[in-house]
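Protein chains get the first letters and strands the later ones, always in sequence-line order, with residue 1 at the start of each.
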There are 2 protein chains.
Amino acid sequence: MSELLLIDDDQELCELLGSWLTQEGFAVRACHDGMSARQALAAQAPAAVVLDVMLPDGSGLELLKQLRSEHAELPVLMLSARGEPLDRILGLELGADDYLAKPCDPRELTARLRAVLRRSHPSAPTTQVEVGDLVFSPVRGVVSIDEREMTLTLSESRILEALLRQPGEPLDKQELAQIGLGRKLTLYDRSLDMHVSNLRKKVGPHADGRPRIIALRSRGYYYAL
Amino acid sequence: MSELLLIDDDQELCELLGSWLTQEGFAVRACHDGMSARQALAAQAPAAVVLDVMLPDGSGLELLKQLRSEHAELPVLMLSARGEPLDRILGLELGADDYLAKPCDPRELTARLRAVLRRSHPSAPTTQVEVGDLVFSPVRGVVSIDEREMTLTLSESRILEALLRQPGEPLDKQELAQIGLGRKLTLYDRSLDMHVSNLRKKVGPHADGRPRIIALRSRGYYYAL
DNA sequence: AGGAGGTTGTCGGCCGTTTGTCAGAATAAA
DNA sequence: TTTATTCTGACAAACGGCCGACAACCTCCT
């Protein structure tokens, strides 16, 4: 249930990997250049980063170096177009945790990601998100409110986690769909709304009756405190 | 049921040895470079290390030296591409517990590993895992609940042990397969489910009727307290 | 104020995937 | 060869996600 940040200028590849990785249980965000990657990282640190060596606005290695200095613990898995051995060495020396040559087998990518995450999280205490009276355990997908406990599906978990991480701040539907469903919303796609609806049903409103998840028309959803 | 760390840049060999050693009753993790090996060691110390002299990011001898200073007791068995006598001497001087030339006979490897482990673990207390009313002795593969005792097969033991080590925390099916079967799951592979099914049958449910091993759809299995 | 057009909430059903389990085959151990 | 263990289909059942449909709603325009 970890959140990944995909940084690669190839948008198609991103979407492909994104939907694969989502199916594998990750929550995925994607950036296509160093600039937006920096912003995404500043906004919210993911559990791991998949980084392409080649980026439109400068080398991925540059980004890696900077990333290392700001997020020392953050695991990074690097990708390169052809298995340039030089890049590989540079990447690993600069602190990438693993390295993969493109085109890469998605299965191998997930395997290595899991390995990298396992290594970096040796005995992470059960991470759980607490917001108000609500406690959420992403690994098990269980929300507890007072004495009540309810189990969420994978998509629901990803969506709720994303919302809980920034209570009060609305999250764009597109982005939420990317994180929760691993794809962009198409016209007439009600899946995300469906999930939100089910979430509301499962989690219920606040003690005083206010809804917990609120839609901001054409701006997305947010979790209300 | 000891856990090994395999450090060798040859991934194929690792998988091969990994599955052999798993069948021999070891739990196996593998790293392909010094960097990740260091992290893996820091994350969780194995019972022994199998270390290749040649690593992509520096000599295995370097790693050995460092390893020795940090884990004095940890048995290390070294491998070298060709039986370079110099390496052998260096390796043993730096504190490797044994030395083997590649290509090596898996049977010889297991034999020496057991020897090395026996030496280092002169009187290891019978480790057993206790969770709730259940007591499990991995070495013998016996679970006891109240007065009842049942014997598990090797695969069952490894799977149950992995689950018991983190009660309540789900373990991904892929990881569980790696631990229990020594390989990855392929499409339509029901082996793991089979083992879990058999485990449930052997061990039975909790006293109050709740199942002990629970599947979280697309998130894996966990042992319920 | 009235209405058009787009957005959101939800129901119900369809469908593909995951899981549980049986029975028999294949494989390894004795 | 016997025996124990693991793996392979095969099938059913449960589950989660998606889509069509429709109502309710909000915004903005006239």
Of the listed dT21(C), dT6(D), dG17(D), the closest approach to the Arg190(B) side chain comes from dT21(C)

Pick the closest DNA chain D nucleotide for Thr153(B) and for Leu181(A) by heavy atoms, then say which residue is nearer the 5' end. Thr153(B)

Without decimals, in angstroms, what is the distance between Gln174(A) CD and dT7(C) C1'? 14 Å

Please check: side-chain N/O of Arg212(B) versus main-chain N/O of Ala224(B), any donor-acceptor pairing under 3.5 Å? no

Spacing of Asp189(B) atom CG relative to dA25(C) atom C1', expressed in whole Å: 15 Å

Examine distances only and state if a side-chain atom of Lys202(B) and a backbone atom of Met150(B) form a donor-acceptor pair shorter than 3.5 Å. no

In short, side chain to side chain donor-acceptor pair (under 3.5 Å) pairs touching residues 10-23 of chain A with sequence neighbours left out are Glu15(A)-Lys184(A)

Starting from the 5' end of DNA chain D, give me the residue, Tyr188(B) or Glu156(B), whose nearest nucleotide shows up first. Glu156(B)

Under a 4.0 Å heavy-atom cutoff, the residues of residues 194-215 of chain B touching DNA chain D are Met194(B), His195(B)

Qualifying salt bridge (charged side-chain N to carboxylate O under 4.0 Å, His left out) pairs with a residue from residues 26-41 of chain A, counting only residues at least two apart or across chains: Glu3(A)-Arg29(A)

Between dT6(D) (P) and Leu185(B) (CG): distance, integer Å: 15 Å

Return the residues of residues 217-225 of chain A meeting this criterion: a heavy atom under 4.0 Å from some atom of DNA chain D. Order them by number, or give none. Arg217(A)

To the nearest Å, give me how far apart CG (Asp193(B)) and C1' (dA14(D)) are. 14 Å

Filter on side chain to side chain donor-acceptor pair (under 3.5 Å), then keep only pairs touching residues 168-178 of chain A, sequence neighbours left out; what's left? Lys173(A)-Asp193(A)

Whole-Å distance separating the CG atom of Leu192(A) from the C1' atom of dT10(C): 14 Å

Output all residues satisfying side-chain hydrogen bond (donor to acceptor under 3.5 Å, both in side chains) with Asp52(A), sequence neighbours left out; order by chain, then residue number. Lys102(A)

Whole-Å distance separating the CG atom of Leu154(A) from the C1' atom of dT19(C): 15 Å

From NZ of Lys184(A) over to C1' of dC18(D), roughly how many Å is that when rounded to an integer? 20 Å

Could you check Leu21(A) against Leu109(A) for side chain to side chain contact (heavy atoms under 4.5 Å, CB included), going step by step and ending with a plain yes or no? CA-CA 9 Å; Leu21(A) 289 169; Leu109(A) 179 59; 4.3 Å; yes

Among dT8(D), dG16(D), dT5(D), find the nucleotide with the atom closest to the side chain of Ser191(B). dT8(D)

For atom CG of Leu216(A) and atom P of dC25(D), their distance in whole Å: 18 Å

Drop me the distance from Ser144(A)'s OG to Phe136(A)'s CZ, to the nearest 0.5 angstrom. 10.0 Å

Between Arg183(A) and Ser191(A), is there a side-chain donor-acceptor contact under 3.5 Å, judged purely by atom types and distance? yes

